Trainee: 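Just passing along the structure, written as structure tokens.
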Amino acid sequence: MLRELKNKVFVIYLILSAFLVILPLFHILFSVFANGIPVLLKYGLAFLTETLPAPNRGGGIFPAIYGTFMMVFLASLMGIPLAVLAGIFVAEYPNNALSRATRSLLLIMLEFPTILVGLFVMAILVMPIGSFSALAGAFALMIVMLPYVATYTEQAMRSVPAQYKEGAYALGLRKVRVVFSITLKIAKKGVITGLLIGMAKVSGETAPLIFTAGNAWRSTGGVLEPVGAIPLWIYYLVQQPYTNYHEIAWGAALVLMLFFLAVFLPIRLSMVRT
Amino acid sequence: MDQFKIFLLPVVGLVFGIIILMLLVFTLNSIPIFQHEGVAIYTTNIWKASEVSEEEFYGILSAIYGTIYTSTIAITISLPISIGLAVFVADLMPRRLKELLIIPTDIMAGLPTILYGIWGVFVLVPTLAEIMKFIHGHFSFIPLFSYYNPTGFSYLSAGVLLAIMVTPFATSLIREAYVAIPNIYREAVYSLGLTRFEATKVLLSYIKPAIIAGTLLAFGRAVGETVAVSLVIGNAFNIDASLFAPGYTISSLIANQFGNAFAYKLMPSALFSAGLALFTIGLIVNIAGLIVLKRWGYA
Amino acid sequence: MNAVEIEGVKISYGNLEVLKGVDLSIPERICFAIMGPSGCGKSTLLKAINRLIELNDNVKIRGEIKLFGQSIFKMDLTRLRREVGMVFQHPNPFPHMSIYDNIAFAVKCNRIAKGKEIDKVVEWALKKAVLWDEVKDRLKNKANQLSGGQMQRLCIARALALKPRVLLMDEPTANLDPIAASKIEDLIQELKKEYTIVIVTHSPAQAARIADQVAFLYLGKVVEVGDVNEIFEKPKNELTEKYVTGRIG
């Protein structure tokens with residue numbers, strides 16, 4: 001019967017879709033492990049502490065790790081207060097036009113091509129200063145991070161039951177006190193989740209850094225000097241013709257992936273339990 | 001107005017300020033190239049860098065073409081799979097096991113894009129190159145497969161990689177809309193003696209706005225993706241119908257050319273105007289997607 | 001032969017047993033009302049008859065249900081649901097589809113009619129549900145433009161179009177205003193001449209108005225079943241008496 005046949009084909013299509021989505025994911029995870037682990041074993045601990053070697057020598061990715069940590073730290077320092085306050089504004093004053101516009105803006109920023117952020121920061125920071133710098137890279141990452149942290153903060157603040165806030169207002173507390181001492185405290189877990197997701201997200205970003213951080217293979221410079229970053233290194237190393245650079249790229253990819261999974265998986269798994 | 005609100009306003013102003021400043025920077029920096037050649041920057045496929053600024057001429061049509069071509073390939077592959085997976089998870093997986101599929105897709109959605117890039121270069125491109133050579137050997141009379149001597153670095157590789165990257169996002173949007181269909185309609189549809197296929201068709205038509213929004217937002221993501229694409233697309237000023245031909249996208253053009261742009265007088269401006277085009281395409285697609293979602297009541 | 005035969009049916013959601021052994025015989029071409037207070041399991045029982053209850057996760061069904069002598073658990077699911085139509089508590093025509101398509105879609109899928117014949121089936125069903133005159137000029141309009149009572153009659157038409165033998169109704173007037181509700185009740189009186197109607201209601205008054213036979217369900221068990229006059233005039237069980245006189249429920 002044609003009707004039954006169509007239905008069977010449909011169910012096969014559903015199963016096939018699931019397979020087609022999961023297959024590349026596992027292949028990517030598998031490839032990074034399979035290519036990365038031998039590299040880490042071969043280079044040893046030096047992989048994390050040394051700088052880029054000449055072609056066909058041993059060495060490590062320390063400048064990239066250094067740059068990533070420094071820029072993510074700086075970006076968080078600048079971006080988190082801004083993002084949390086923006087999130088508070090949207091959550092606490094949900095019914096005016098400005099707040100609705102901010103909310104839409106944050107959603108648009110979430111989807112915005114990050115290469116444009118890099119180009120923008122190059123124009124306003126790198127060109128006037130005259131040099132790539134960790135600061136410019138961090139500023140670009142901050143813009144990318146902002147909408148993540150802000151929307152998570154907003155959602156966490158909104159999920160706080162009204163009775164707690166009403167209770168606080170009934171005691172005669174002012175709005176500032178209620179927001180910072182009551183709502184934000186109760187929403188703490190959601191806000192922290194947002195911070196971590198935002199940090200994990202930008203630590204893997206490449207495009208915003210190409211024209212801002214510059215890159216550094218062997219030096220670990222200050223805030224106003226060019227620095228490396230793990231994703232940036234991978235991007236450049238895979239374009240080189242040397243085998244050992246490809247190895248280092250795979251090793252760096254493994255480090256980056258482990259870092260991402262270490263932040264992301266516990267957060268995601270804790271969501272299942274609740 | 002209370003004091004707290006007044007205290008927060010500058011923060012919000014700053015967020016808006018960043019975006020407005022961004023638009024301003026892109027527009028102002030595009031002006032020199034517009035003065036030099038007008039809209040030809042968007043309508044021609046010429047890339048002539050020269051020390052003599054009068055001889056410089058830039059047209060990014062091939063990059064605009066490549067952006068739309070690769071994103072379309074990505075959506076064409078991704079949409080049916082995204083819908084299929086959404087329905088599979090919602091209707092066929094036992095409740096306890098659903099997370100086993102949802103968590104991997106969430107990981108995929110957040111995975112640093114450079115990891116897709118390195119996998120694309122070393123795994124996907126060589127694999128697809130073999131397939132391309134085979135198809136080209138047998139079906140080269142079809143224009144889609146006609147590119148001479150395919151290397152694997154091509155529109156198709158970029159499209160496939162983008163499809164893999166946007167599917168987790170698209171499927172979770174569609175899945176959330178699908179499971180949110182009120183139970184009364186689910187019961188109604190199954191009370192009418194329909195097969196699973198027929199019933200699902202009705203339910204999917206009910207969430208059509210969410211599917212359209214998911215498609216638009218996924219398209220927007222594909223348009224904006226930079227590093228993974230620039231590593232596999234081959235980076236060539238090309239306008240070719242063949243899936244196997246190398247090309248450029250706007251974002252990969254910017255990533256690739258900016259390094260040496262400042263050696264020339266007008267090239268930076270040309271690349272900013274490319275950025276402006278990307279800005280506009282991204283904004284239109286994303287706003288359209290968000291409007292559809294909002295009408296539907298999700299965003 | 002009885003239209004529906006329910007034998008020792010027990011249904012549980014996880015560890016919660018909702019029906020604790022129900023036996024009922026429902027003869028052909030009558031209106032059979034299942035009444036009881038909310039939470040007594042009457043909707044669950046109704047949805048067991050077309051196996052819609054199986055849409056829920058972790059539901060467990062034991063016992064036997066027969067449709068005209070045939071076990072529903074051995075029937076093809078699409079055939080079962082074609083022969084047993086259902087009308088729900090919330091009027092639920094598909095809001096994104098036209099009035100016409102709401103009826104025509106399942107007609108097409110189930111091969112009730114083809115081509116031009118479909119128009120006739122739609123018209124027939126809408127007339128049967130006393131909705132035709134109100135919507136015949138706007139069949140292509142979206143179904144969500146109808147009033148609640150019209151929506152519910154559209155749902156009845158949608159069910160009738162599949163030419164079912166049994167019609168299940170789950171509190172079909174619960175969400176309607178009194179005038180719309182009385183229209184539906186009149187319609188039920190008309191339909192029971194041709195169809196077997198099983199209606200669930202929490203209102204004894206409604207059961208008394210429209211049913212030929214009534215079962216009183218309480219805490220997952222049938223307390224009493226019989227002709228409508230018997231149940232309301234000389235109930236054998238004290239609980240039934242309390243319920244029909246409004247002292248419990």
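What you see below is based on every heavy atom in this structure, not just the backbone, and it leaves out hydrogens, waters and symmetry mates. Since the structure is predicted, the reported quantities are computational estimates derived from the model, not experimental observations. Protein chains get the first letters and strands the later ones, always in sequence-line order, with residue 1 at the start of each.
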Trainee: Under a 4.5 Å heavy-atom cut-off, does chain A meet the side chain of B/L276, its backbone, both or neither?
Mentor: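 Neither the backbone nor the side chain of B/L276 comes within 4.5 Å of chain A.
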Trainee: Are the side chains of A/L110 and B/N286 in contact, using a 4.5 Å heavy-atom criterion?
Mentor: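 They are not in side-chain contact.
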Trainee: Using heavy-atom distances under 4.5 Å, tell me whether B/V12 contacts chain A through its side chain, its backbone, both, or neither.
Mentor: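 When you check distances to chain A, only side chain atoms of B/V12 fall under 4.5 Å.
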Trainee: Identify the heavy atoms of A/Y13 and B/G84 that sit nearest to each other, and give their distance.
Mentor: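 Scanning both residues, the minimum pair turns out to be OH-N, 3.4 Å.
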Trainee: Under a 4.5 Å heavy-atom cutoff, which of B/T195, B/D91, B/T113, B/I164 has the most pairs with chain A?
Mentor: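 Among the listed options, the one with the most contacts to chain A is B/T195.
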Trainee: Taking side chain as everything from C-beta outward and backbone as N, CA, C, O, which of these in A/L237 sits under 4.5 Å from a heavy atom of chain B? Side chain, backbone, both or neither.
Mentor: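 For A/L237, there is no contact with chain B at all, as no heavy atom is under 4.5 Å.
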Trainee: Does any backbone or side-chain atom of B/L124 lie under 4.5 Å from a heavy atom of chain A? Answer side chain, backbone, both or neither.
Mentor: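 Contact with chain A involves no heavy atom of B/L124 at all.
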Trainee: Quick one: of B/L217, B/L28, B/T200, B/V285, who has the most non-hydrogen atom pairs under 4.5 Å with chain A?
Mentor: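 Highest number of pairs under 4.5 Å: B/T200.
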Trainee: Once rounded to the nearest 0.5 Å, what's the spacing between atom CG of B/L115 and atom CD1 of A/I234?
Mentor: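 Those atoms lie 6.0 Å apart.
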Trainee: Go through the atoms of B/P168 and report whether side chain, backbone, both or neither lie under 4.5 Å from a heavy atom of chain A.
Mentor: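 For B/P168, no heavy atom lies under 4.5 Å from chain A.
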Trainee: What's the shortest heavy-atom distance between B/I102 and A/R268, and which atoms?
Mentor: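 So the two residues come closest at CG2-NH2, 3.4 Å.
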Trainee: Measuring from B/F262:CZ to A/M122:CE, what's the distance to the nearest 0.5 Å?
Mentor: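 Nearest 0.5 Å value for the CZ-CE distance: 4.0 Å.
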Trainee: Please rank B/V223, B/V227, B/T105 by heavy-atom pairs under 4.5 Å with chain A and give me the top one.
Mentor: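 Most heavy-atom pairs within the cutoff with chain A belong to B/V227.
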Trainee: Name the option with the most non-hydrogen atom pairs under 4.5 Å to chain A; the candidates are B/T167, B/I254, B/V121.
Mentor: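 With the most close heavy-atom pairs to chain A, the winner is B/I254.
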Trainee: Salt bridge or not between B/E198 and A/K6? Use side-chain N to carboxylate O under 4.0 Å.
Mentor: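 Salt bridge flag = no for A/K6 with B/E198.
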Trainee: Between A/F132 and chain B, with a heavy-atom cut-off of 4.5 Å, which part of the residue counts as in contact: side chain, backbone, both or neither?
Mentor: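 Answer is neither: A/F132 stays 4.5 Å or more from chain B.
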Trainee: Please check if the number of heavy atoms outside A/F180 that lie under 6.0 Å from its CZ is greater than 12.
Mentor: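 It does: A/F180 CZ has more than 12 such atoms within range.
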Trainee: Does a side-chain heavy-atom distance below 4.5 Å link B/K5 with A/F89?
Mentor: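 They are in side-chain contact.
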Trainee: Quick check for you: among B/Y116, B/F88, B/F169, which has the greatest number of heavy-atom pairs under 4.5 Å with chain A?
Mentor: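 Of the candidates given, the most pairs with chain A belong to B/F88.
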Trainee: So, for A/I115 and B/G224, which heavy atoms are closest and what is the spacing to 0.1 Å?
Mentor: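 That would be CG2-O, 4.4 Å.
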Trainee: With a 4.5 Å limit on heavy-atom distance, are the side chains of A/F260 and B/P112 in contact?
Mentor: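 They are in side-chain contact.
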Trainee: Minimum heavy-atom separation for A/A123 and B/N29, please, with both atom names.
Mentor: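 In this case the closest contact between A/A123 and B/N29 is CB-ND2, 4.2 Å.
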Trainee: Please state whether the side chain, the backbone, both or neither of B/L14 comes within less than 4.5 Å of a heavy atom of chain A.
Mentor: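 Side chain only.
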Trainee: Hey, could you give me the CE/CG distance between B/M93 and A/L14, rounded to the nearest 0.5 Å?
Mentor: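 It is 12.5 Å, given to the nearest 0.5 Å.
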Trainee: Just how far is it from atom CD1 of B/I114 to atom OH of A/Y236, taken to the nearest 0.5 Å?
Mentor: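 B/I114 atom CD1 to A/Y236 atom OH measures 10.0 Å (nearest 0.5 Å).
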Trainee: Tell me if the CZ atom of A/F30 is crowded by more than 12 foreign heavy atoms within 6.0 Å.
Mentor: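 12 or below, so no.
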Trainee: Check whether B/V25 gets within reach of chain A through its side chain, its backbone, both or neither, counting any heavy atom under 4.5 Å.
Mentor: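 Just the side chain, heavy atoms under 4.5 Å.
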Trainee: Let me know if A/T102 has heavy atoms under 4.5 Å from chain B in its side chain, its backbone, both or neither.
Mentor: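 For A/T102, heavy atoms of backbone and side chain both lie under 4.5 Å from chain B.
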Trainee: With a 4.5 angstrom heavy-atom cut-off, is it the side chain or the backbone of A/A101 that approaches chain B, or both, or neither?
Mentor: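 Both parts, backbone and side chain.
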Trainee: If you count heavy-atom pairs under 4.5 Å between each of A/L20, A/I210, A/L256, A/L82 and chain B, which one has the most?
Mentor: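 Of the candidates given, the most pairs with chain B belong to A/L82.
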Trainee: For chain B, which of A/H27, A/E92, A/R174, A/Q239 has the most heavy-atom pairs under 4.5 Å?
Mentor: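 Most heavy-atom pairs within the cutoff with chain B belong to A/H27.
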Trainee: For the CG atom of B/L8 and the NZ atom of A/K175, what is their distance to the nearest 0.5 Å?
Mentor: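 B/L8 CG to A/K175 NZ: 9.5 Å, rounded to 0.5 Å.
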Trainee: Side chain to side chain contact (heavy atoms under 4.5 Å, CB included) for B/V15 and A/L146? Distances and angles first, verdict last.
Mentor: CA-CA 9 Å; B/V15 178; A/L146 202 146; 4.0 Å; yes
Trainee: Quick one: what part of B/D106 sits under 4.5 Å from any heavy atom of chain A, side chain, backbone, both or neither?
Mentor: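 Contact with chain A involves both backbone and side-chain atoms of B/D106.
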Trainee: Return the option, out of A/V32, A/I108, A/V121, with the maximum number of heavy-atom pairs under 4.5 Å with chain B.
Mentor: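 Most heavy-atom pairs under 4.5 Å with chain B: A/I108.
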Trainee: Relative to chain B, which of A/M257, A/E4, A/H246 shows the most heavy atom pairs under 4.5 Å?
Mentor: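 The option with the most such pairs is A/H246.
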Trainee: Find the one option among A/T206, A/L119, A/L265, A/V9 whose heavy-atom pairs under 4.5 Å with chain B are most numerous.
Mentor: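 Heavy-atom pair counts peak at A/L119.
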Trainee: Below 4.5 Å, heavy-atom pairs only: which of B/V123, B/I287, B/L278 has the largest tally toward chain A?
Mentor: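 When all of B/V123, B/I287, B/L278 are compared, B/L278 has the most.
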Trainee: Tell me, for A/L25 versus chain B, whether the close heavy atoms (under 4.5 Å) come from the side chain, the backbone, both or neither.
Mentor: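 Backbone plus side chain of A/L25, per the 4.5 Å heavy-atom cut-off to chain B.
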Trainee: Heavy-atom distance under 4.5 Å between the side chains of A/V176 and B/Q3, does that happen here?
Mentor: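 A/V176 vs B/Q3: side chains apart.
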Trainee: Working to the nearest 0.5 angstrom, can you tell me the gap between A/R100 CZ and B/K294 NZ?
Mentor: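 A/R100 CZ to B/K294 NZ: 8.5 Å, rounded to 0.5 Å.
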Trainee: Please work out which of the three classes, parallel, tilted or perpendicular, describes the rings of A/F112 and B/F279, given edges at 30° and 60°.
Mentor: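 Perpendicular: the ring planes of B/F279 and A/F112 meet at over 60°.
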Trainee: Please report the closest heavy-atom contact between B/L194 and A/R3, naming both atoms and the distance.
Mentor: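 Heavy-atom minimum between the residues: CA-NH2, 3.8 Å.
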Trainee: Non-hydrogen atoms of chain A under 4.5 Å away: do they reach the side chain of B/S82, the backbone, both or neither?
Mentor: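 Neither part.
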Trainee: Between B/I18 and chain A, with a heavy-atom cut-off of 4.5 Å, which part of the residue counts as in contact: side chain, backbone, both or neither?
Mentor: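 Both the backbone and the side chain of B/I18 come within 4.5 Å of chain A.
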Trainee: Can you tell me which portion of A/I124 sits under 4.5 Å from chain B's heavy atoms? Options are side chain, backbone, both or neither.
Mentor: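 Just its side chain gets close to chain B.
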Trainee: Could you have a look at A/F26, A/F264, A/Y93 and say which one has the most heavy-atom pairs with chain B under 4.5 angstrom?
Mentor: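 The option with the most such pairs is A/Y93.
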Trainee: For B/L92, which atoms come within 4.5 Å of any heavy atom of chain A: side chain, backbone, both, or neither?
Mentor: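 Only the side chain of B/L92 comes within 4.5 Å of chain A.
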Trainee: Relative to the ring of B/F258, is the ring of A/F211 parallel (under 30°), tilted (30 to 60°) or perpendicular (over 60°)?
Mentor: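 Correct class here is tilted.
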Trainee: Taking all heavy atoms of B/L290 and all of A/S104, pick out the closest pair and write down the distance.
Mentor: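 Smallest interatomic distance, heavy atoms only, reads CD1-O, 4.3 Å.
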Trainee: Tell me, for B/I118 versus chain A, whether the close heavy atoms (under 4.5 Å) come from the side chain, the backbone, both or neither.
Mentor: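 Both backbone and side chain of B/I118 come within 4.5 Å of chain A.
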